[in-house]
Amino acid sequence: MVLNDMLQLTVTSTLFVLSYIFYRINVSFCCFFILVAVFTTRNTPVNLAGMAIERYIAICNPLRHGQICTVRKTYYAIGFMWFICVAPAISDLFTTLARESLSFFHKSVFCIRQNVFKDPNLATKRLVFDILYFSFVFLILVYTYLRILFAARALATEKVLAQKARNTILLHGAQLAMCMLSYISPSVEIVLRLIFPAYILEIRFANYIIVYILPRFLSPIIYGMRDATFRKYFKMHLLHNKCAVKKRRIAMRRMAQDAELNLPGRPGG
């Protein structure tokens, strides 16, 4: 998921910057950027489902965890997840290649999905696939959370481990909710453009930060803070900085007091 989010952020950031600098770019390059952005964005909830299943196996079937979750099977699972996310996006490209002339791919357009994949049937297909993916992931998260919750009540010796697994799946649910912002953001952006037509660029920038950057920025911070070693050194770093700031303020205050005592006209000045 980290590699997927890194790729997604790199591609979307590059596309966002290019749209600001050049406004219009070649359709062929635009297709590449959009396709990568689409299947990496769609891959995030599928990754969440895979991680929830792994936690479910670790808690509810601990004796078989080593047999099921091997390195080779993990690679197979990652390959399968990428395939089911890439296939719908590639079908959009093939449909566009069949319907559009070759000259269309030499044009320059403002690089958004509607300007490249213009067939209305593709928008319907995309909506159906997105609903299926998110519904599937939501059901997996709910099922695994409930099973782990029941397992935690039954196994008193594994309560700490089960609680960590429940917290992990709850975080996955929060991430899934953030990912669903991409569904409502186009409608919200259209409404805001109608209300504030003079701030179109600012609205696009704020939408990009909230929908694409913020969820993937919070994810490593949350998981990092859950790690005991990272949390320990992070607290030490904060305390060190806090002490350094206090020392600097005390030193500046003393310098100010010394300067006041040495002003002309004051006793001792």
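FYI, the numbering just counts along the sequence from 1.
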Honestly curious: do Tyr75 and Met51 fall in one hydrophobic cluster under the side-chain, below-4.5 Å linking rule? no

State, with a plain yes or no, whether a side-chain heavy atom of Phe32 is found less than 4.5 Å away from one of Val11. no

Return the SG to CZ distance between Cys30 and Arg24, rounded to the nearest 0.5 Å. 11.5 Å

Is it the case that the side chain of Thr70 and the backbone of Gln67 share a donor-acceptor pair, with hydrogens and angles ignored and the cut-off at 3.5 Å? no

Over 12 foreign heavy atoms within 6.0 Å of CZ, Phe110: yes

Side-chain contact test, heavy atoms from C-beta onward, threshold under 4.5 Å: evaluate it for Leu7 versus Leu3 and give yes or no. no

What's the spacing between Asn43 CG and Ile84 CD1 if we round to 0.5 Å? 8.0 Å

Let me check something: do Leu122 and Phe94 share a hydrophobic cluster, defined by ILVMFWY side-chain heavy atoms less than 4.5 Å apart, either directly or through other members? yes

Would you mind reporting whether Thr95 and Phe117 have side-chain heavy atoms less than 4.5 Å apart? no

Could you tell me the separation between the CG atom of Asn4 and the CZ atom of Phe39, rounded to the nearest 0.5 Å? 8.5 Å

For the backbone of Val109 and the side chain of Asn115, can you confirm whether one donor and one acceptor N or O come within less than 3.5 Å of each other? no

Quick one: do the Lys125 and Ser91 side chains pair a donor with an acceptor below 3.5 Å? yes

In this structure, SG of Cys111 is separated from CG of Leu18 (nearest 0.5 Å) by 8.5 Å

Take Cys69 and Ile57, measure what side-chain contact (heavy atoms from CB on, under 4.5 Å) needs, and give me the verdict at the end. CA-CA 8 Å; Cys69 301; Ile57 296 173; 4.2 Å; yes

Do Ile25 and Leu15 make a side-chain contact, defined as non-hydrogen atoms from C-beta onward lying under 4.5 Å apart? yes

Applying the 4.5 Å side-chain criterion to the ILVMFWY set and letting contacts propagate, would Phe33 and Ile90 be lumped into a single cluster? yes

How are the rings of Tyr56 and Tyr143 set to each other: parallel, tilted or perpendicular (split at 30° and 60°)? tilted

Treating Ile, Leu, Val, Met, Phe, Trp and Tyr as nodes and any side-chain heavy-atom pair under 4.5 angstrom as an edge, say whether Leu132 and Leu139 lie in one connected cluster. no

Say you draw a straight line from CD1 of Ile53 to CD1 of Ile140; how long is it, rounded to the nearest 0.5 Å? 4.0 Å

Residue pair Pro88 / Arg42, side-chain heavy-atom distance below 4.5 Å: yes

Contact check, side chains of Asn61 and Ile68, non-hydrogen atoms, under 4.5 Å: no

Does the side chain of Phe105 reach to within under 4.5 Å of the side chain of Asn26, using non-hydrogen atoms? no

Checking the side chain of Thr12 only, and the main-chain atoms of Leu9 only, is there a donor and an acceptor separated by less than 3.5 Å? yes

Taking the side chain as every heavy atom from C-beta outward, state whether Ser101 and Phe104 have any pair of such atoms under 4.5 Å apart. yes

Is Met81 linked to Tyr76 within one hydrophobic cluster, defined over Ile, Leu, Val, Met, Phe, Trp and Tyr using a side-chain heavy-atom separation of less than 4.5 Å? no

